[in-house]
Amino acid sequence: MTVTPAELSAQLLTIVDGALERRGESTLTVGIDDVSLERPKNRDHGDWASNIAMKLAKPLGTNPRQLADELAEGIRSIHGVASVDVAGPGFINVTLDAAAAGALAKTIVEEGAAFGRGTLYSGVRINLEFVSANPTGPIHLGGVRWAAVGDSLARIFDAVGGEVTREYYFNDHGLQIDRFARSLLASYLVEPAPEDGYGGQYISEIKDRVVAAFPDDLAVMPRDQQQEVFRAYGVDFMFADIKKSLHDFGVDFDVYFHENNLHESGDVERAITRLRDNGHIFEADSATWFRSTDFGDDKDRVVIKSDGEAGYISGDLAYYLNKRERGYERNLIMLGADHHGYVRRLMAMTSAFGDEPYVNLEILIGQMVNLVKDGVPQRMSKRAGTVVVLEDLVEAVGVDAARYALVRSSIDQQLDIDLDLLTKRTNDNPVFYVQYAHARTHSVARNAAASGVDRSAFDASLLTHETESTLLGVLAEFPRVVTQAAELREPHRVARYAEELAGNYHRWYDSCRVTPLGDEPVTDLHRTRLWLNDATGTVLRNALGLLGVSAPERM
RNA sequence: GCGCCCGUAGCUCAGCGGAUAGAGCAAUUGACUACGGAUCAAUAGGUCGGGGGUUCAAAUCCCUCCGGGCGCACCA
C-alpha cells in the first residue's frame, strides 16, 4: 500500500484537528495546505517533514516542541510510518518504512501517463492567449519564448483538469498591417521601403508569392488596389508561415482569432455601449473616453478617437467580452515586458465590466529574450541581419533543445540565448541530461528483458538502498510539482524537477543494478528494481511531455 | 518623476517564511575486462546588491537606498 505525501498530509490534518479539539480550540481552523509535508533537503531529517507544530504553537499559546511531541505520537500510528522524530525548534520528521515508500513504484507504472495529473482546475474553462505576433513578419526570439512557455502552461493546465483553449489573437486591423502592405508594394515597385515600414528578405519573398498567386495582371491596377492585393494576400501568406513554423515547433492553437471580426461584427460598439450603460464612458475633446482611472488606471483611455476611428483599447474591450461570452471563466494573456503598461488598463476594464481582475483576467508578463554572442548581448537589428527568428533557433539547436532552453527559466527573468553555446556545448542545455536519463531507463529495461528480469514480482521492502529511498521521494513529489506549476503559472518548475529526477536516477543507476552480474541468479530484488526503473522512465516522460519535449528511448 | 521585472558561487540560473542556501557550466582530482562515461564520486568556490523592519524562524514578506532591463500617445 502506497503512502503518498498527499495521503500523509490528509492524515496529519486529522491528527491536528484532534489535538485542537482536545484543547477545546474552535476558532482556529487548519487547512490541508497548512499541513502539507515537505521533503527535507537533509536526508537525516527523514522522508517527510512538517512545520505545523511551530505554526500552531503561538496561536495555541503552547510550546512548539511539546505540541510536536503530541502530534508525533499520532503520526506513529499511521500505516507505513517507520519512525517519527521531533527535531530542532519543533520540526516533525517522518520516516516511512521501505515497503510503504517503495509501493509507489508499482503505482506509477500502473498509472502510466496518468501519474502526475491532478484536479486543481477540473472542469474549469481556461483561455490562454499567447504569441499573438502581428502577421507582418516571422516570429522573433521573444515570441518563441511565449510559444514555448505558453504551450507548456497549456499542457500543465490540461494535466490538472483544466479545459484549455490555446488562442492566438491575430491582429489584422490597423496601421501595422498597412505598413506591411505598403512595404510589399514598395518592394514590388522597386521603391525604397517606407520609412515606417518593414525591410528584410522575407518581404521580397512574400511579394514574389503574392505576384505568383494573384490571377490578374497586377501591373495595370491603380496603386491603391495593388496595395489592397498585397495586404490581403500578403497577410494570408505571412500568417500561414507563422502557423507552420509554430506547428513545426510543436505548438498548435485551437483558435486563431481575427481582430477584424470584432470590428465587423459590431462587438466593439456593443462593448462600448455596455460600458456607457454602466456609466464609465465620457466625451471630451471630441473623442470618446473610458474612465479607467475609476478602477486604478493611471490615465483615462480613448475608445473612439476624434477622427471617428476606434482606439486600440476598443479591440481589447470587445475581445475580452467575446471570450467571456464564449464561456471562459479564466482568461490568461501572456505578454512581453514591453507591454506591462497594459496591465492596469486591462484590469480596469475587467472591473468596469463587473468581473474580478486577476481572476477572470490575468496578464502574465514575461521578460525579454536577449541574443548573446561570446558573452556580449547582440542588438537584434533587421538591417544588421542579426534578427533571430523561430526557424533560425530550431535549425540551430533543434526543437527539443530550443523549447527546453526557453522554458527552464522563470519568465520573470530575462533570458540570454547564446546560439553557439547551445549548439556546440550541448551539456550547457540540461535537456540532454534529462533525455539521456529517460533513454537510459529504456536501455536498462531492454537489458533486463534480455537477462530474464521481468516485473513478475514486486517486493517494495527490498528497496532499501539510500539512493532508492531518495529516488522514491523525488518520484512522489511529481504530482505536487505539476499542481504548483499550474497554480503559479510556472512551467519552469517542471523542467527543474525533471533535472532533479534525472540526477537522482543516474545516481541510483550507478549504485543499484537491475540486471544480475555474470551468472548471478535473477532475484526479486532485480525484479522490484525494474519496477522502480520503469516508474522513473514514466515520470521523466510525463514531465518532458508537459514541456513539449520528446522523451527518446535511444539517443 | 511614476510603474513592472531582476540583482544568489567565476558564468547561466533554481530556491513553496523553515533546519548546514542548491544545480549545470567553468576549475582541480578520481571511477569503465560492471545494465550506455551524453554518467558517477570528491574538492574548491557565497557579506543571497547595501541598510532598516516584521517573525520563534527572512534569499523569500514590508520600507528605503544603490545598480541593470523594460514601459509610461487620440501608435498599434
Side-chain angles (χ1 to χ4, degrees), chain A residues 33 36 38 40-42 44-45 49 51 54-55 57-58 63-64 87-91 93 134 171 173-179 196 259 284-289 298-299 301-307 309 311-313 315 336-344 363 365-368 370 372 375 377 405 408-416 418 421 425-430 432-433 435-437 439-440 443-448 450-451 453 480-481 484 487-488 490 492-493 495-497 499-500 502-503 505-518 526 529-530 533 554-555:
Chain A
D33 288 342
S36 77
E38 58 184 35
K41 291 172 206 150
N42 189 333
D44 297 337
H45 296 147
N51 58 11
M54 288 179 291
K55 279 185 180 166
K58 185 140 195 182
N63 177 312
F91 289 102
N93 296 330
N134 282 345
N171 188 315
H173 182 91
L175 271 182
Q176 309 270 16
I177 298 294
D178 288 343
R179 289 179 189 149
D196 56 357
E259 183 188 0
D285 304 329
S286 65
T288 302
W289 299 71
D298 31 6
K299 53 192 73 164
R301 304 293 166 179
V302 169
V303 289
I304 299 175
K305 298 189 276 185
S306 52
D307 65 2
E309 291 289 315
Y312 183 70
I313 197 172
D338 51 342
H339 291 75
H340 78 256
Y342 294 9
V343 175
R344 285 212 174 167
I363 312 291
I365 298 295
Q367 299 300 309
M368 312 302 267
N370 302 310
V372 173
R408 79 180 285 264
S409 293
S410 157
I411 61 166
D412 287 338
Q413 192 78 232
Q414 286 186 34
L415 193 60
D416 291 336
D418 187 328
L421 207 67
R425 306 221 303 264
T426 51
N427 282 348
D428 274 332
N429 192 335
F432 301 109
Y433 184 76
Q435 287 185 318
Y436 180 61
R440 184 172 252 184
S443 161
V444 167
R446 286 191 294 268
N447 290 327
S451 318
V453 179
R480 194 191 294 178
V481 169
Q484 197 175 33
E487 266 180 317
L488 300 173
E490 291 184 345
H492 76 273
R493 287 174 184 275
R496 300 295 173 152
Y497 170 82
E499 289 168 30
E500 189 192 356
Y505 175 74
H506 285 310
R507 283 188 276 282
W508 171 71
Y509 169 92
D510 206 53
S511 45
C512 295
R513 292 190 55 93
V514 173
T515 55
L517 266 181
H526 298 119
R529 281 178 174 166
L530 181 58
N533 176 78
R554 284 190 171 84
M555 288 177 75

From A76(B), C56(B), C5(B), nucleotide with atom closest to N134(A) side chain: A76(B)
Candidates C75(B), C4(B), G7(B) - which lies nearest the side chain of H340(A): C4(B)
Heavy atoms only, 4.0 Å cut-off, all strands: where does [X] land among base, sugar-phosphate and nothing?
| X | answer |
| --- | --- |
| A287(A) | base |
| A450(A) | nothing |
| E499(A) | nothing |
| N51(A) | base |
| N42(A) | base |
| D298(A) | nothing |
| H506(A) | sugar-phosphate |
| R493(A) | sugar-phosphate |
| Y433(A) | sugar-phosphate |
| H173(A) | sugar-phosphate |
| L517(A) | base |
| S410(A) | sugar-phosphate |

Check if the side chain of [X] and the base of [N] share a donor-acceptor pair of N or O atoms closer than 3.5 Å.
| X | N | value |
| --- | --- | --- |
| D338(A) | G71(B) | no |
| D510(A) | U39(B) | no |
| N93(A) | A19(B) | yes |
| S409(A) | C13(B) | no |

Return the pairing partner of [N] with a 3.5 Å limit on both distances, Watson-Crick or G-U wobble; otherwise return none.
| N | answer |
| --- | --- |
| G3(B) | C70(B) |
| A23(B) | U12(B) |
| G37(B) | none |

Check this one for me: any side-chain N or O of [X] less than 4.0 Å away from OP1 or OP2 of [N]?
| X | N | result |
| --- | --- | --- |
| K299(A) | C72(B) | no |
| R507(A) | A41(B) | yes |
| Q414(A) | G7(B) | no |
| Y497(A) | G15(B) | no |
| K305(A) | C75(B) | yes |
| H492(A) | G15(B) | yes |

Interatomic distance at C1', U8(B) relative to A59(B), whole Å: 7 Å
Atom C1', compared across G7(B) and U29(B): separation rounded to whole Å: 34 Å
Using only atom types and a distance under 3.5 Å, with no angle test, would you say the side chain of [X] pairs donor to acceptor with the backbone of [Y]?
| X | Y | answer |
| --- | --- | --- |
| S410(A) | D412(A) | yes |
| N370(A) | V372(A) | no |
| S511(A) | R507(A) | yes |

What is the separation between atom [atom1] on [X] and atom [atom2] on [N], rounded to the nearest whole Å?
| X | N | atom1 | atom2 | answer |
| --- | --- | --- | --- | --- |
| K41(A) | G15(B) | NZ | P | 12 Å |
| R440(A) | C40(B) | CZ | P | 8 Å |
| R513(A) | U39(B) | CZ | P | 19 Å |
| H339(A) | C5(B) | NE2 | C1' | 16 Å |

Aromatic ring of F91(A) stacked on base six-ring of A19(B), 5.5 Å, 30°: yes
